[in-house]
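Please read the structure below before turning to the comments.
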Amino acid sequence: MTTTSGPVGAVRQGSLRELNLAVVLGRIAAAERPPSRADLAAETGLTRATVSAVVEDLITGRLVTEAEPAPRAGAGRPARGLVLAGDGPAGLGLEVNVDYLAACVVDLAGRVRHHTVHRADLRPLSPADALTRLVALAVRARADAAAQGLTLAGAALAVPGLVDDAGTVRLAPNLGWRDVPVPALLAGHAPLTERVDGVPPLVVDNEANLAALGELHAGPAAPASFLHITGEVGIGAGIVLDGALFRGTRGWSGEIGHIPVRPEGRPCRCGGRGCLERYAGQEAILAAAGLAEADLPADTAATRLAELAEAGSTAALDALREAGTALGVAVAAVVNLLDLDTVVLGGGYAPLAPWLRPPVLAEISRRVLTAAWSPVTVRPAALGADAAVVGAAGSVVRRIIAWPSGWLARAA
Ligand SMILES: [Zn+2]
């Protein structure tokens, strides 16, 4: 990923005003019901006058708006609750995957306001050609956002591979990309170059990481720590610990697809043998189910498998049980290591969760020491297959909520 050493960390010393803006906006974003100015003063310990001034700045900057007051019996003016604005800054999420491109726009409140998917096998294309197609989606997304009164404040691009600090895709084995300098290839393409203070114009990150962030911010029900697994042609994981993504020392954590489940097993594209991907990746499941890849567009593979399993196809059910068992072996290793109590099945795994879940749970109960008295929850992702692109867009707006001053400086 590119550097996000934004103003949230200790990098920049914020003024008191900037801090108050972040605190108040954070409270409004996290509230279950729209808080009034008085509520915010009580919660934050700031004076009523300070809260009013801060809220005024947030309203002027299109970050916050007053909710419609609830009709109330009796005398007196009802207090106006405050909500995140639906016509202010928004995040642009982009995704390049093996068999599709996607773009989406998410507003401050996390609502998806635009979503386009372009289905195509991208493996025969050069990275530059694939990214040119992506820019076309981004331009359409920006026009649609503008028509809805939204302003794009940054973009994040999800890729199925390992990304370094400069945004270079070092390796995306299933796309056939190696050392692709994505930011350089996209340089000069609006809307991917306009910088808001504190929000880089374009962040490139691993799809599994962005999908896990999407799940984390999908709703109040998201646990603070969980393992999110994206199952496509490749298999990636995002590890969320205490509400933050665990990236590892160099940002490359989560390569669950290359955990060996059979050390002397099938050769893998990575050069190893017996990797999880070779037993539970989309191609492996299709082959085991007797559905040669050529018979089926890759983008409909998960849906087709789910239909066959639903209809009771023995081949599909056996293939999913086998894949789920391999997945369970790898998941049990991760759970033993990290002590997580929630495993989320995302990407192409989400529609297959009814069939993958039982064998995954069986392996967890066989292999995780604590499973007998401390059960592990295995469930499908709330965002389904769109988690990476929605999470990408969401990561942009989360940065604005965490540090609104950059956006306000530009808006002024
Ligand atoms: Zn491998």
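Numbering of ligands and ligand atoms starts at 1, following listing order. Heavy-atom basis, side chains included; hydrogens, waters and symmetry copies ignored. Residue numbers run from 1 in the order of the sequence given. Source: prediction; values computed, not measured.
Taken from CG in Leu131 to CH2 in Trp177, the straight-line distance is 4.5 Å, to the nearest 0.5 Å.
Listed for the Ser253 side chain is a donor-acceptor partner under 3.5 Å among the backbone atoms of Phe246. Here the side chain of Glu363 pairs no donor or acceptor atom with the backbone of Val331 at under 3.5 angstrom.
When the salt bridge (Lys or Arg N to Asp or Glu O under 4.0 Å) test is applied to Arg379, the partners found at least two apart in sequence or on another chain are Glu215.
Checked for salt-bridge contact, Arg250 and Asp165 miss the test: no charged N lies under 4.0 Å from a carboxylate O.
Only protein N, O or S atoms were considered, and those under 2.8 Å from the Zn ion (ligand 1) are His258 ND1, Cys268 SG, Cys270 SG, Cys275 SG.
Neither side chain, Thr60 nor Asp57, offers a donor N or O lying under 3.5 Å from an acceptor on the other.
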